[in-house]
Amino acid sequence: MVASLHHHTRAALLLAGVASLGLAWRRRASHQPLLPRAAQLCVWWLRQRLLRLWLVTHDLCPLESVRLVGGVDISFVKESTTDACAALVVVDPATQEVVYEACRRIVLTAPYIPGYLAFREVRFLLQLVEELRSTRPELMPQVILSDGNGILHPNHFGVACHLGVLAGIPTVGVGKTLHHVDGLSKESVRRLSESLIKAGDHALLVGQSGTVWGAVLRTTSPAEGNFKPVIISVGHGISLNSAISLVWRTCKHRIPEPVRQADLRSREWLRRNGSQCSA
DNA sequence: GCGACAG
DNA sequence: ATCTTGTCGC
């Protein structure tokens, strides 16, 4: 009886999603260009809502049982927005040593659209995780740090959540800049940063709605001068407090070691292997 | 209409 | 993400 706006909205979105799926099918079959941008975004939006049903935002396993931490990143060939190298590294937080490394040449197909980063990158990250799971299961990390955000996202489902849910492994979103959401802005980060006195200090990112989206963490000491905090949010299967604690534990530099090493090594790989094609 | 907008 | 010069400091 009381058909809320919510229900109408959901029904409309569902219809739009189904409609665009049908459209995608026809175009694909007839070698037409891709789905219209608006329709594609709608499909992706729905996919985020669906996958979110599997999202877990508390600890699936105690922090004390984390023995290995993974990190993923993608680096691009100079002039290109499609040719890149995806990397997955595993670090032993006790020694900060890299115990596993895998780089893979990739060709991205989807464009970068704020809010939909996962649809551009996550399939390649998943391949690397599955490869590790099947070839060196003993080196599977208990948590993976991902560049880009987790629930700090307009649809509460950033690339870190996406990777975590699809790979079935806890993840943490580690961002270098803020994704503006719920009134949070550069100014919010600047204000919160004033309360971060020493390395290891953090402050919660609370939006206008009162939602806790994540936290800013100072990872460099006052002696190093000006600083930009790292932005942390829950990816999957881990609580915010555990995520902050874990990231801080792996911070030898501003960027936590697993992500930093994935970044360094994917770039190094591109340098060594030229920018030529070598699937 | 204009600017903002993870990587 | 990537394009870039210099610069401050260990």
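In the text below, chain A, chain B and the rest are named by the order of the sequence lines, each starting its count at 1. Just so it is clear, the structure is predicted and the values come from calculations on it, not from any experiment.
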Choose from C:dC3, B:dC5, C:dA1 the nucleotide whose nearest atom is closest to any side-chain atom of A:R267. C:dA1

Check every strand shown and say whether A:G175 touches a base, only sugar-phosphate, or nothing at a heavy-atom separation below 4.0 Å. sugar-phosphate

Ion pair present between A:K198 and A:D201, side-chain N to carboxylate O less than 4.0 angstrom? yes

Applying the 5.5 Å / 30° rule, does A:Y112 stack onto the base of B:dG7? yes

In whole Å, I'd like the distance from the CG atom of A:L108 to the P atom of C:dA1. 14 Å

Identify whether any heavy atom of A:N149 sits under 4.0 Å from a base atom; if not, whether one sits that close to sugar-phosphate; answer base, sugar-phosphate or nothing. base

Donor-acceptor side-chain pairing of A:S209 and A:D182 below 3.5 angstrom: yes

In whole Å, what is the span from the CG atom of A:L145 to the P atom of B:dG7? 15 Å

A:L145 reachable from A:L178 in the ILVMFWY side-chain graph, under 4.5 Å edges: no

If you compare every side-chain N and O of A:H180 against the phosphate oxygens of B:dC5 (OP1, OP2), does one of them come in below 4.0 Å? yes

Check every strand shown and say whether A:L178 touches a base, only sugar-phosphate, or nothing at a heavy-atom separation below 4.0 Å. sugar-phosphate

Students often get this wrong, so: under 4.0 angstrom with heavy atoms, is A:Y116 touching a base, only sugar-phosphate, or nothing? base

Taking atom C1' of B:dA6 as reference, at what distance in whole Å does atom CG of A:L125 sit? 14 Å

For the pair made of CZ in A:F227 and C1' in C:dG9, what is the distance, rounded to whole Å? 20 Å

Round to a whole Å and report the spacing from CG of A:L41 to C1' of B:dC5. 13 Å

In whole angstrom, give the distance that lies between atom CD of A:E224 and atom P of C:dC8. 18 Å

Taking the minimum atom-to-atom distance to the side chain of A:D73, which one of B:dA6, B:dC5, B:dG7 wins? B:dG7

What is the nucleic acid contact for A:G173, judged by heavy atoms within less than 4.0 Å: base, sugar-phosphate only, or nothing? nothing

Length of the NE2-P vector between A:H162 and B:dA6, whole Å: 19 Å

Looking at A:R254 and A:E224, is there a salt bridge between them, counting it only when a charged N and a carboxylate O are closer than 4.0 Å? no

So, is A:R120 near the phosphate of B:dA6, with a side-chain N or O under 4.0 Å from OP1 or OP2? no

OP1 or OP2 of C:dT2 versus the side-chain N and O atoms of A:S80: is any pair under 4.0 Å? no

Counting side-chain heavy atoms from CB outward, which of C:dC3, B:dC5, B:dG7 is closest to A:P114? B:dC5

Expressed as a whole number of angstroms, how long is the span from A:E79:CD to C:dT2:P? 12 Å

Donor-acceptor check, side chain of A:H236 to backbone of A:V56, threshold 3.5 angstrom: yes or no? yes

Between A:K176 and C:dA1, is there a contact of a side-chain N or O with OP1 or OP2 at under 4.0 Å? yes

